[in-house]
Amino acid sequence: MFIPTLDAVLVGDVIADFRRKKGISQEVLSGLADIGRTHLSAIERGERKPTLETLYRISCALDVKMSDIVKEIELKIIE
């Protein structure tokens with residue numbers, strides 16, 4: 001039986017791409033999202049998966065819809 005899983009590295013890559021496109025550092029994003037910089041770094045490296053709450057905070061800090069981040073993750077899964 002196949003049980004789909006979400007690739008944490010892919011999720012982290014997408015979040016890092018959004019952050020870089022905005023031209024802000026991990027330090028700034030983590031401050032705006034009110035999460036630890038080491039936590040954000042672990043997410044971007046794929047060592048941790050963000051909760052919905054954390055993903056929401058990150059999306060608000062990036063001034064993008066959370067659904068836009070999820071759509072980009074879904075597009076990368078298909079590739």
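Any value given below was found using the heavy atoms of this structure, including those in side chains, with hydrogens, waters and symmetry copies removed.
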#### Entry: Interatomic distance, Glu53 atom CD to Asp34 atom CG [nearest 0.5 angstrom]
10.0 Å
### Message
Please evaluate residues Val70 and Leu55 with respect to the criterion side-chain contact (heavy atoms from CB on, under 4.5 Å), reporting the C-alpha separation (whole Å), side-chain torsions for both, the decisive distance (0.1 Å), and the verdict.
### Response
CA-CA 9 Å; Val70 173; Leu55 185 59; 4.1 Å; yes
### Message
Give me the atom names and distance for the closest heavy-atom approach of Ala61 to Ala33.
### Response
CB-N, 3.8 Å
### Query
Is Leu75 atom CG crowded by more than 12 heavy atoms from other residues, nucleotides or ligands, each under 6.0 Å away?
yes
### Task
Is it possible for you to say whether Tyr56 and Leu32 belong to one hydrophobic cluster, with membership spreading through side-chain heavy-atom contacts below 4.5 Å?
yes
### Query
Can you pull the side chain to side chain donor-acceptor pair (under 3.5 Å) pairs that have at least one residue in residues 66-77, sequence neighbours excluded?
none
### Query
Are side-chain heavy atoms of Ile69 and Val11 found at a separation under 4.5 Å?
no
### Query
Mind checking whether Ile73 and Ile15 have side chains closer than 4.5 Å, heavy atoms only?
no
### Message
Please give the remaining members of the hydrophobic cluster of Met1, linking ILVMFWY side chains under 4.5 Å, ordered by chain and number.
### Response
Ile3
### Task
Without swapping roles, check the side chain of Arg19 against the backbone of Ile24 for a donor-acceptor pair under 3.5 Å.
yes
### Query
Could you go step by step and tell me if Ile43 and Lys49 meet the side-chain contact (heavy atoms from CB on, under 4.5 Å) rule?
CA-CA 6 Å; Ile43 290 169; Lys49 290 182 187 175; over 6 Å; no
## Note on the structure
So side chain to side chain donor-acceptor pair (under 3.5 Å) across residues 9-18, not counting sequence neighbours, yields Asp17-Arg20
### Task
Check for a donor-acceptor pair, side chain of Ser41 on one end and backbone N or O of Arg37 on the other, with a separation under 3.5 Å.
no
### Task
Using the rule that two of Ile, Leu, Val, Met, Phe, Trp, Tyr join whenever any of their side-chain heavy atoms come within less than 4.5 Å, decide whether Leu6 and Val14 are in one cluster.
yes
### Task
Check whether more than 12 heavy atoms from other residues, nucleotides or ligands sit under 6.0 Å from atom CD of Glu27, and answer yes or no.
no
#### Entry: Side-chain heavy-atom pair Ile58, Val64 within 4.5 angstrom cut-off
no
### Message
Would you say that Lys22 contacts Leu29 through its side chain, given a criterion of any heavy-atom pair below 4.5 Å between the two side chains?
### Response
no
### Separation between OG of Ser30 and NE2 of His39, rounded to the nearest 0.5 Å
11.0 Å
